[in-house]
S.K.: 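Got a structure for you, questions after.
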There are 2 protein chains.
Amino acid sequence: MKNARILLVDDEPDVLDFLSYNLRKEGSEVFTALDGKSAIKKAIEVLPNLIVLDIMMPGMDGIEACRRMRELPETKNTLIVFLTARTEDYSQIAGFEAGADDYLSKPLNPRVLISRLNALLRRRPTHTGAMNIVNVGNGISINNDNYSITVGGEQIYLPKKEFEIITLLTSKPGKVFRREDILHEIWGKDVVVGDRTIDVHIRKLRQKLGDDRIKTFKGIGYKFEF
Amino acid sequence: MKNARILLVDDEPDVLDFLSYNLRKEGSEVFTALDGKSAIKKAIEVLPNLIVLDIMMPGMDGIEACRRMRELPETKNTLIVFLTARTEDYSQIAGFEAGADDYLSKPLNPRVLISRLNALLRRRPTHTGAMNIVNVGNGISINNDNYSITVGGEQIYLPKKEFEIITLLTSKPGKVFRREDILHEIWGKDVVVGDRTIDVHIRKLRQKLGDDRIKTFKGIGYKFEF
DNA sequence: TTGGGGGCTTAACAAATACTTAACGTATAT
DNA sequence: ATATACGTTAAGTATTTGTTAAGCCCCCAA
């Protein structure tokens, strides 16, 4: 839950306060909005990792807001969780069909809320295009905006090539990427770099990340793991 | 929901029938198990996309089964949804901490179930989800993203040639591959290696897989069997 | 213009490891 | 029994990767 950016949307300030308090206590960065329209504006502005959206709101309701956010490139892949006062089957159906990722009903036990949001966030590791900060687990996160990674709290700015390589490798932790695939992905189809170029970049990454993060598979390629 | 492989686990056959019926109607391929232990076996065998797991079961319960499956390479990233008779906060907490992805409570409206599972399956990003794992039966699976095999829960990384050979042999379990065919497949048409080269690789594989998995056919070649 | 710095690549050599071979042992079929 | 094919082991060879330092290129500032 640390580093998560969460946007809360509800028309009751009391609910916002209650949820904000509990989520901030867990280390999340919390933003709020009071109705659907301002939620969309806010979401585009702050690019949250997760949006908690009340269904019943004056003006634009949650369902409609969700539907619209699913159209926008900035929020197309953002996790959206609905919130409602009662568990009604049709509103659940409508919510999921509008593109929701989960559904919570009030009154909320804060521990349940937090566990549930955690489970959602845990499942969403890699870049979905619009998302800026990607947590790849174990204290390592990647910031696509400024070409930096964070390792154990320390932020390290990486040169472009190194950043591209680590982004590729962490896009699927545990997978072995073949050298030739890395060449294609990073340098393009018609490769014109020497044999040792990748190795040098890998070496520099290892110096910055620690030696045990990137593992060599001789004759094949490299993989990233925690 | 089409093409989804779903494993249902519950100790009540009635529940299994009810859920199976509804999920199959949506085009899913459904497998079932009656308790935690057989669920794990089944999961390793069929490698489902999603597992619906009852919490209260005789023998190994759902929480424990989930926890164990999160340890196994075959099921580490599989979606797991818990099912329980009542909504109790701590069992939800325990469930999520065991690595669950969602939580449903009985009695289940089938439309809600389907919407919810759909939401889970839909948001699984292709590049971050499960590994490309092939189960070849009897506790042996091959991870193509990893150049590794799993034998009885233990993950073994193989050198390239060995991995290529075992991949070839397991591509058709039971079939006898002639030596010369193996040579052509792995080394190519015009590469000429000595007579004993294959034997050495086979030996190393046998050391890692167990002696009884690869059988020799004198004068012909080798075959893989369970 | 010139000099410096950072990033990227290359080259040369060292190190690691996968692959192959050779030599000999064992099993099997005719 | 003997020839033939396969098994086993250890040692050799080839290939791949690690490491380091140096060179180049581009951009920016003096």
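All chains are named by letter (A, B, ...) in the order of the sequence lines, taking the proteins before the strands, and each is independently numbered beginning at 1.
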S.K.: Using every non-hydrogen atom in the two residues, find where B:Phe82 and B:Ile55 come nearest and quote the distance to one decimal.
M.R.: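 Shortest heavy-atom contact: CD2-CG1, 3.5 Å.
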
S.K.: Establish whether the base of C:dA27 is bridged to the side chain of B:Lys218 by a donor-acceptor pair shorter than 3.5 Å.
M.R.: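 Checked by distance alone, the answer is yes.
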
S.K.: Between the side chains of A:Asp17 and A:Ser20, is a donor N or O closer than 3.5 angstrom to an acceptor N or O?
M.R.: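 No, because no side-chain N or O of A:Asp17 sits under 3.5 Å from a partner of the opposite role on A:Ser20.
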
S.K.: Using OP1 and OP2 only, check whether a side-chain N or O of A:Arg206 sits under 4.0 Å from D:dG18.
M.R.: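 Answer yes for this pair, as a side-chain N or O of A:Arg206 is under 4.0 Å from OP1 or OP2.
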
S.K.: With a 4.0 Å cutoff (strictly under), does any side-chain N or O of A:Thr216 reach OP1 or OP2 of D:dT16?
M.R.: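 No.
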
S.K.: Tell me whether the OP1 or OP2 atom of D:dA5 has a side-chain N or O from B:Arg196 closer than 4.0 Å.
M.R.: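 B:Arg196 to D:dA5 OP1/OP2: no side-chain N or O under 4.0 Å.
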
S.K.: Check the distance between C:dA16's P and A:Asp211's CG and give it to me in whole angstrom.
M.R.: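 So the CG-P distance, A:Asp211 to C:dA16, works out to 13 Å.
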
S.K.: Atom CD1 of A:Ile182 to atom C1' of D:dT16: distance rounded to whole Å?
M.R.: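 The answer, rounded to whole Å, is 14 Å.
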
S.K.: Could you tell me whether A:Tyr222 contacts a base, only the sugar-phosphate backbone, or nothing, with contacts defined as non-hydrogen atoms closer than 4.0 Å?
M.R.: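 Sugar-phosphate contact only - A:Tyr222 comes under 4.0 Å of backbone atoms but never of a base.
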
S.K.: Could you tell me whether the phosphate oxygens of C:dT9, OP1 or OP2, come under 4.0 Å of any side-chain nitrogen or oxygen in A:Trp187?
M.R.: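 The answer is yes; a side-chain N or O of A:Trp187 sits under 4.0 Å from OP1 or OP2.
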
S.K.: Is there a side-chain contact between B:Lys204 and B:Leu158 in this structure, where contact means two heavy atoms from C-beta onward sitting under 4.5 Å apart?
M.R.: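 No - every pair of side-chain heavy atoms lies 4.5 Å or more apart.
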
S.K.: Just the rounded figure in Å: distance from P of C:dC8 to CZ of A:Phe163.
M.R.: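 Rounded to whole Å, this separation is 12 Å.
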
S.K.: Which nucleotide in the set C:dT10, C:dC19, D:dG18 lies at the smallest distance from any side-chain heavy atom of B:Pro159?
M.R.: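 When the side chain of B:Pro159 is considered, C:dC19 is the closest of C:dT10, C:dC19, D:dG18.
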
S.K.: Without decimals, in angstroms, what is the distance between B:Leu158 CG and C:dA18 P?
M.R.: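 Roughly 10 Å, once rounded to whole Å.
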
S.K.: OP1 or OP2 of C:dG7 less than 4.0 angstrom from a side-chain nitrogen or oxygen of A:His201, does that happen here?
M.R.: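 So the side-chain polar atoms of A:His201 never come under 4.0 Å of the phosphate oxygens OP1 or OP2 of C:dG7.
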
S.K.: Between atom CD1 in A:Ile202 and atom P in C:dT9, what is the gap in whole Å?
M.R.: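 A:Ile202 atom CD1 is separated from C:dT9 atom P by 13 Å.
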
S.K.: Could you check how far CG of A:Leu205 sits from P of C:dC8, rounded to whole Å?
M.R.: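 For the pair A:Leu205 CG and C:dC8 P, the rounded distance is 11 Å.
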
S.K.: Please give, in whole Å, the distance from D:dT8 C1' to B:Asp195 CG?
M.R.: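 Rounding to the nearest Å, CG of B:Asp195 and C1' of D:dT8 are 15 Å apart.
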
S.K.: Is it true that the side chains of A:Thr216 and A:Arg206 contain a donor and an acceptor less than 3.5 Å apart?
M.R.: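 Yes, A:Arg206 and A:Thr216 have a side-chain donor paired with an acceptor closer than 3.5 Å.
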
S.K.: Mind checking A:Thr197 for me? I need base, sugar-phosphate or nothing, with any heavy atom below 4.0 Å counting as a touch.
M.R.: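 A:Thr197: base contact, heavy atoms under 4.0 Å.
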
S.K.: Both A:Val200 and B:Phe217 contact DNA chain D. Which one's nearest nucleotide lies toward the 5' end?
M.R.: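 With A:Val200 and B:Phe217 compared, the 5'-side residue is B:Phe217.
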
S.K.: Taking NZ, NE, NH1 and NH2 as the nitrogens, is one of them in B:Arg68 or B:Glu71 under 4.0 Å from a carboxylate oxygen of the other?
M.R.: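 Looking at B:Glu71 together with B:Arg68, the answer is no, because their closest N to O distance does not fall below 4.0 Å.
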
S.K.: Write down the distance between CD1 (A:Ile165) and C1' (C:dC8), rounded to a whole number of angstrom.
M.R.: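 Checked: the CD1 to C1' distance equals 11 Å.
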
S.K.: Relative to the 5' end of DNA chain D, which residue comes earlier, B:Asp199 or A:Gly221, by the nucleotide with the nearest heavy atom?
M.R.: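 The answer here is B:Asp199.
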
S.K.: Map A:Gly219 and A:Gly194 onto DNA chain C by nearest heavy atom, then report which one ends up closer to the 5' terminus.
M.R.: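 Of the two residues, A:Gly194 wins.
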
